[in-house]
Asks: 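My questions will all concern the structure given below.
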Protein chains: 2
Amino acid sequence: MTTEPEVPAYRPPTLTDVAKLAGVSVATASKAINGRGEVRSSTRVRVLEAAELLSFAPNALARGLLSGRTGTVGLLTSDLEGRFSIPILMGAEDASGAGQVSVFLCDARGDAIREKHHVQALLSRRVDGLIVVGSRTDPRPPLAGTIPVPVVYVYAPSADPADISITVDNVGGGRLAIEHLLACGRRAIAHITGEAGFQAARDRAEGAAAALAAAGLPMVGDRPYFGSWDESWGRAAAHMVIEQHPEVDAIFCGSDQIARGVLETLRDFGRDVPRSISVIGFDNWEAIAADSRPRLTSIDMNLKHLGEVAGQRLFAAIDGAAPSSEEFPGRVVMRESTLPVG
Amino acid sequence: MTTEPEVPAYRPPTLTDVAKLAGVSVATASKAINGRGEVRSSTRVRVLEAAELLSFAPNALARGLLSGRTGTVGLLTSDLEGRFSIPILMGAEDASGAGQVSVFLCDARGDAIREKHHVQALLSRRVDGLIVVGSRTDPRPPLAGTIPVPVVYVYAPSADPADISITVDNVGGGRLAIEHLLACGRRAIAHITGEAGFQAARDRAEGAAAALAAAGLPMVGDRPYFGSWDESWGRAAAHMVIEQHPEVDAIFCGSDQIARGVLETLRDFGRDVPRSISVIGFDNWEAIAADSRPRLTSIDMNLKHLGEVAGQRLFAAIDGAAPSSEEFPGRVVMRESTLPVG
DNA sequence: AGCACATCCTAAAACCTTTTCGGAGATCTT
DNA sequence: AAGATCTCCGAAAAGGTTTTAGGATGTGCT
């Protein structure tokens with residue numbers, strides 16, 4: 001019985017191949033390529049030419065095995081569908097910048113089992129660090145087990161304050177929105193927002209209340225209208241507000257989708273935005289806010305920047321920096337729905 | 001000059017540690033853990049207990065170095081922001097299923113230089129294969145240089161028909177939309193869509209035209225209204241259609257955003273959707289389609305499934321399967337904007 | 001000529017796992 | 001009791017790279 005003559009599998013060129021072609025030892029080839037050690041320049045070019053010729057690419061596995069650093073990080077997200085993960089993910093990828101670092105993407109679907117599984121796999125691949133992206137701003141339990149590499153939590157902070165968490169200042173965001181409406185000359189402001197079960201909704205409402213209190217103004221309806229994050233709630237709530245409090249001259253919405261619903265109802269009622277009443281949204285979701293009628297002013301939480309910072313913090317921690325958390329403010333992106341009166 | 005007494009760096013447990021603790025050789029430990037070779041069951045449990053105790057995780061780098069298979073694939077996307085990459089990306093991640101495979105995520109931002117750079121890095125990490133996700137359905141140039149691993153192109157096919165491409169049947173999608181409107185009893189159908197520079201726009205229009213021709217009906221306005229993919233074009237184009245062709249009783253829109261604009265203008269004109277006129281969108285973008293007034297019927301291209309198939313094809317190709325491309329049909333997701341008349 | 005020294009290069013070890021082959025001990029057969 | 005057979009385990013090599021320590025030249029000086 002003869003063994004099948006296997007097709008000679010393609011074998012990527014190794015440093016040995018390069019060295020042989022250049023007529024030097026592997027050690028010399030390594031030094032020539034990495035610019036380390038004493039190598040005569042004529043030898044160096046000979047090696048580099050050989051490497052070029054073979055289109056040699058150093059085996060990162062072997063390198064990582066030896067150095068203990070792989071130049072990879074794990075990015076653990078809990079919902080890829082959600083719109084919050086994506087910009088953060090982009091920022092984090094950007095932070096790894098010069099191409100030294102590659103990113104493993106894992107989606108745990110909010111499932112703790114799956115998460116554990118992914119972490120296991122990532123550690124097995126000897127990632128240098130982990131970034132954990134949440135989909136809500138509510139604090140999340142830290143990764144289970146002891147993780148031998150630095151971890152940075154983004155958007156959703158870790159429940160353990162000793163961990164590194166990079167978050168958004170939702171209280172400040174709520175304050176910003178109200179202050180913008182006040183600056184536009186508004187005085188009778190209502191707040192329609194999402195589920196009270198979300199920390200984000202509560203925080204934004206808190207900031208809004210604080211800003212109104214500071215201005216000595218009541219909130220129209222006395223308290224926020226909590227509901228859901230979608231358009232139909234925006235329509236329904238706006239209906240109630242208009243009927244119960246016709247004097248309202250501005251509405252701060254907890255999401256751009258809610259704001260879209262609000263705009264629609266205001267149009268039904270013949271209320272002119274922004275002349276008779278101002279509307280401001282939250283999230284600055286381009287697809288929703290940038291093309292409505294009128295175009296929607298909104299609070300942008302700079303999620304991409306959040307991701308960049310998370311990446312930077314992770315790399316710093318890998319290099320031994322002390323952990324520290326940070327919270328970032330948002331900014332008002334002004335469009336036509338809050339043109340000042342007068 | 002004394003060298004600083006380094007903090008003893010944490011060293012992940014190796015198979016040697018496990019073997020030592022269990023009182024066996026590394027070879028035996030390996031066999032016990034991987035269930036290979038002849039190992040007495042009492043020895044096996046001893047090894048497994050030791051591994052558990054040290055929370056040993058096999059070093060995937062060493063394993064990959066030896067076997068030539070890393071169990072990693074590269075996912076090269078051209079725009080993470082775009083909504084098309086994400087579901088595909090999710091599907092591809094799913095396909096890698098049982099946790100055997102990890103995915104490197106790279107965003108080339110549509111930049112050829114950056115793309116080359118990323119490919120280089122991925123090959124250096126010895127990925128077993130590559131998935132390339134485009135953001136438009138227009139064919140794209142294949143990856144530059146010779147790639148020593150299988151490559152699957154998704155959404156945007158490779159310009160080289162010898163490559164594996166997994167795409168969406170936009171012509172069929174256009175046909176589906178028209179057939180649905182016909183089934184609803186409509187006869188005077190217009191088509192408002194995005195930039196003619198997009199293959200997707202042209203394909204959908206082609207499918208629509210074919211379906212109308214097959215039914216012996218003209219297209220209202222004689223040809224599609226090409227414009228841009230956004231809401232404001234939807235509003236503007238609907239305005240034109242209504243004024244020039246008041247007899248129109250259905251509008252097929254090239255995107256859900258266009259459809260939103262169309263719905264808004266129809267409302268302005270007092271045209272009742274779906275009683276007086278039907279509207280169907282494209283993409284089935286939940287955030288846009290699922291909460292409009294009325295809720296929007298749309299064509300869903302099953303992008304996640306596309307990603308899954310791409311993953312499966314890639315793994316098959318890695319295992320030596322012959323390359324083959326495939327095109328997938330969409331499906332109608334019916335909501336209130338196309339309730340049948342009568 | 002003989003020595004010190006700088007320059008350039010090489011051999012070998014290390015990183016961690018898997019696999020092959022052979023050896024040691026135990027059990028069975030005659 | 002001697003050989004044959006089985007069962008289980010260990011030694012060693014391989015995979016590709018980097019680094020350390022030392023070896024081989026050649027140069028400058030006395």
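Naming: A, B, ... by sequence-line order, numbering from 1 per chain.
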Asks: Please list, by residue number, the residues of residues 54-74 of chain A whose heavy atoms come closer than 4.0 Å to an atom of DNA chain D; answer none if no residue qualifies.
Replies: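 When residues 54-74 of chain A is checked for heavy atoms under 4.0 Å from DNA chain D, the hits, listed by number, are A:Phe56, A:Pro58, A:Asn59, A:Ala62, A:Arg63, A:Leu66.
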
Asks: Can you name the residues that form a salt bridge (Lys or Arg N to Asp or Glu O under 4.0 Å) with B:Arg140, not counting sequence neighbours?
Replies: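 Residues passing salt bridge (Lys or Arg N to Asp or Glu O under 4.0 Å) with B:Arg140: B:Glu115.
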
Asks: With a cut-off of less than 4.0 Å, is there a side-chain N or O of B:Arg36 near OP1 or OP2 of C:dT19?
Replies: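 For C:dT19, OP1/OP2 do have a side-chain N/O of B:Arg36 under 4.0 Å.
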
Asks: Report, as yes or no, whether the 6.0 Å neighbourhood of atom CD on B:Glu38 holds more than 12 heavy atoms from other residues, nucleotides or ligands.
Replies: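 12 or below, so no.
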
Asks: To the nearest Å, give me how far apart CD (B:Glu38) and C1' (C:dT19) are.
Replies: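 So the CD-C1' distance, B:Glu38 to C:dT19, works out to 14 Å.
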
Asks: Can B:Lys304 and B:Asp94 be counted as an ion pair, charged N to O under 4.0 angstrom?
Replies: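 Salt bridge: yes.
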
Asks: Please work out which residues in residues 41-49 of chain B have a non-hydrogen atom less than 4.0 Å from an atom of DNA chain D and list them by number.
Replies: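 Under 4.0 Å from DNA chain D: B:Thr43.
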
Asks: Side-chain contact, heavy-atom cut-off 4.5 Å: A:Leu61 with B:Thr70?
Replies: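 Sidechains of B:Thr70 and A:Leu61: in contact.
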
Asks: Remember a base hit wins even if backbone is also touched, and classify B:Thr14 as base, sugar-phosphate or nothing at under 4.0 Å, heavy atoms.
Replies: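 Sugar-phosphate, backbone atoms only, no base.
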
Asks: Mind checking which nucleotides bracket the chain A contacts on DNA chain D, 5' to 3', with an atom under 4.0 Å from a heavy atom?
Replies: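 Nucleotide range with atoms under 4.0 Å of chain A: D:dG16 to D:dT19.
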
Asks: In degrees, rounded to 10°, what is the bend between the two ends of the helix from C:dA1-D:dT30 to C:dT30-D:dA1, using five pairs at each?
Replies: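 End-to-end axis angle: 60°.
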
Asks: Donor-acceptor pair under 3.5 Å: do we get one between B:Lys31's side chain and the base of C:dT17?
Replies: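 Answer no: no donor N or O sits under 3.5 Å from an acceptor.
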
Asks: Please list residues of residues 17-28 of chain B whose heavy atoms come under 4.0 Å from any atom in DNA chain C, ordered by number; otherwise none.
Replies: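 Only B:Ala27 qualify.
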
Asks: Could you label the plane-to-plane angle of the B:Phe104 and A:Phe104 rings as parallel, tilted or perpendicular, counting under 30° as parallel and over 60° as perpendicular?
Replies: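 Rings of B:Phe104 and A:Phe104: parallel, as their planes differ by under 30°.
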
